[in-house]
Amino acid sequence: MTPSPINDASNSWEQGGPERLYVITGGRGASGRRADLDLVTLVVARAAARPEMQPEHASILRMCHYPLSMAEISAYLKLPFSVVAILVSDLLAESTVEVRATVRTAGIPDPELLKAVMYGLQKL
Amino acid sequence: MDSRSSELAVGPTREDALPASAATAVKIVVVGGFGVGKTTLVGSVSEIRPLTTEETMTEVSVGVDDVRGVEQKNATTVAMDFGRISINEELVLYLFGTPGQQRFWFLWTGLFEGALGAVVLVDTRRLEASFDVIGRLEDGGVPFIVAVNAFPDAPAHPLDQVRAALDLSPTVPIVECDARSRASSRDTLLALMRYLYSLSIQSAAPMAASAATE
Ligand SMILES: Nc1nc2c(ncn2[C@@H]2O[C@H](COP(=O)(O)OP(=O)(O)O)[C@@H](O)[C@H]2O)c(=O)[nH]1
Ligand SMILES: [Mg+2]
């Protein structure tokens with residue numbers, strides 16, 4: 001292989017540029033993504049990574065041996081949150097991960113939840 | 001391709017992993033202008049080294065010169081630092097440091113909608129940078145407190161003066177904060193939690209009253 005003469009293009013691939021993101025998600029946009037995935041949705045693997053899997057899917061299964069937030073997955077994979085949301089949606093569809101529901105506070109949060117957070121912070 | 005294969009082993013160290021029992025996650029958003037101390041505050045209280053999540057804007061916007069979160073290599077990427085505090089075996093708190101410009105808030109689905117509340121971090125040398133943020137949070141019904149990050153070269157402003165300058169509602173708490181200090185940052189978060197708790201008690205009270213009359 002000759003090195004790419006177009007430095008910008010290869011750089012963009014390496015750095016998570018648009019071309020690479022397009023390949024990782026198979027060109028899907030928001031249609032491939034479950035709407036209930038939040039930055040702090042906790043993801044847990046329910047199956048082991050398989051050799052034939054897309055590398056990003058396999059990485060998610062490996063790193064989610066213990067619960068991990070969508071934001072952390074995005075940080076470790078160095079991929080935008082929206083791309084991670086599509087990848088996790090794929091894994092949810094094949095039941096290889098489960099998600100632990102985010103507390104959706106409709107307005108003011110529950111006092112008991114707030115008390116628990118305060119108690120935890122006081123121990124810091 | 002090196003960068004691709006090196007991704008395969010990424011993830012948290014065992015030390016940075018949550019317990020298997022972690023079941024619920026909540027978040028607080030720290031919002032403020034560039035250099036106001038958001039990442040510092042998050043890092044002061046976080047149990048993990050602050051991490052960065054990013055989001056890509058679908059279109060290149062003009063006037064990105066005021067957007068310091070945008071990385072040089074890609075003008076359409078906005079970064080957000082975050083940290084984590086394990087509250088107990090089941091409950092995890094995440095803290096997100098978010099740029100003040102509202103158009104970025106929509107890049108991350110539910111950033112504010114699902115949040116317990118927000119801390120508006122304010123630098124008294126640039127108070128005007130906070131007007132917009134505060135207005136947007138009020139409009140969006142996001143409960144928040146204001147934390148004044150005291151920089152040594154900033155003129156000393158009594159909190160009452162800052163409250164007046166920001167035209168804050170008298171019920172919104174305003175506190176002083178040194179984002180570099182773990183204790184001060186923790187106390188800032190506790191001030192937000194106490195405020196949220198008082199709001200939750202108030203919102204529960206009318207229901208209790210109406211139940212009593214039935
Ligand atoms: N003196 C002082 N400096 C601070 C404080 N908080 C942050 N800084 C410094 O201000 C700079 C910008 O802080 P940073 O957290 O990166 O701001 P961000 O852009 O809001 O994330 C850093 O050099 C910090 O060390 C503070 O409370 N007091
Ligand atoms: Mg920062």
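Protein chains get the first letters and strands the later ones, always in sequence-line order, with residue 1 at the start of each.
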Q) Where on B:Val142 is there a heavy atom nearer than 4.5 Å to chain A: the side chain, the backbone, both, or neither? A) neither

Can you tell me how far [atom2] of [Y] sits from [atom1] of [X], rounded to the nearest 0.5 angstrom?
| X | Y | atom1 | atom2 | result |
| --- | --- | --- | --- | --- |
| B:Ile85 | A:Lys123 | CD1 | NZ | 11.5 Å |
| B:Leu111 | A:Asp38 | CG | CG | 8.5 Å |
| B:Met193 | A:Gln122 | CE | CD | 10.0 Å |
| A:Lys115 | B:Tyr197 | NZ | OH | 4.0 Å |
| B:Leu116 | A:Leu113 | CG | CG | 6.0 Å |
| A:Leu114 | B:Ser198 | CG | OG | 9.5 Å |

(Q) side chain to side chain contact (heavy atoms under 4.5 Å, CB included), that's the test. Do B:Glu54 and A:Phe81 meet it? Break it down for me. (A) CA-CA 6 Å; B:Glu54 45 179 58; A:Phe81 173 76; over 6 Å; no

Q.
What I'd like to find out is whether the side chain of B:Thr24 reaches to under 4.5 Å of the side chain of A:Arg100, using heavy atoms alone.
A. no

**Q.** Heavy-atom check, side chain of B:Val92 versus side chain of A:Val40, under 4.5 Å
**A.** no

Q) Taking atom types as modelled, is there a side-chain donor on A:Ser82 or B:Glu55 under 3.5 Å from an acceptor on the other? A) yes

**Q.** Heavy-atom pair with the smallest gap, counting every atom of A:Leu42 and B:Tyr94
**A.** CD2-OH, 3.9 Å

Q. Closest heavy-atom contact between B:Leu18 and A:Tyr66?
A. O-CB, 3.4 Å

(Q) Salt bridge or not between A:Glu72 and B:Arg84? Use side-chain N to carboxylate O under 4.0 Å. (A)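 Yes.
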
Q.
Please determine whether side chain to side chain contact (heavy atoms under 4.5 Å, CB included) holds for the pair B:Leu189 and A:Leu124, giving the CA-CA distance in whole Å, both sets of side-chain angles, and the decisive distance to 0.1 Å.
A. CA-CA 11 Å; B:Leu189 297 177; A:Leu124 271 187; 5.6 Å; no

Q | B:Phe82 and A:Leu39: CA distance, side-chain angles, deciding distance, side chain to side chain contact (heavy atoms under 4.5 Å, CB included) verdict | A | CA-CA 10 Å; B:Phe82 66 96; A:Leu39 279 163; over 6 Å; no

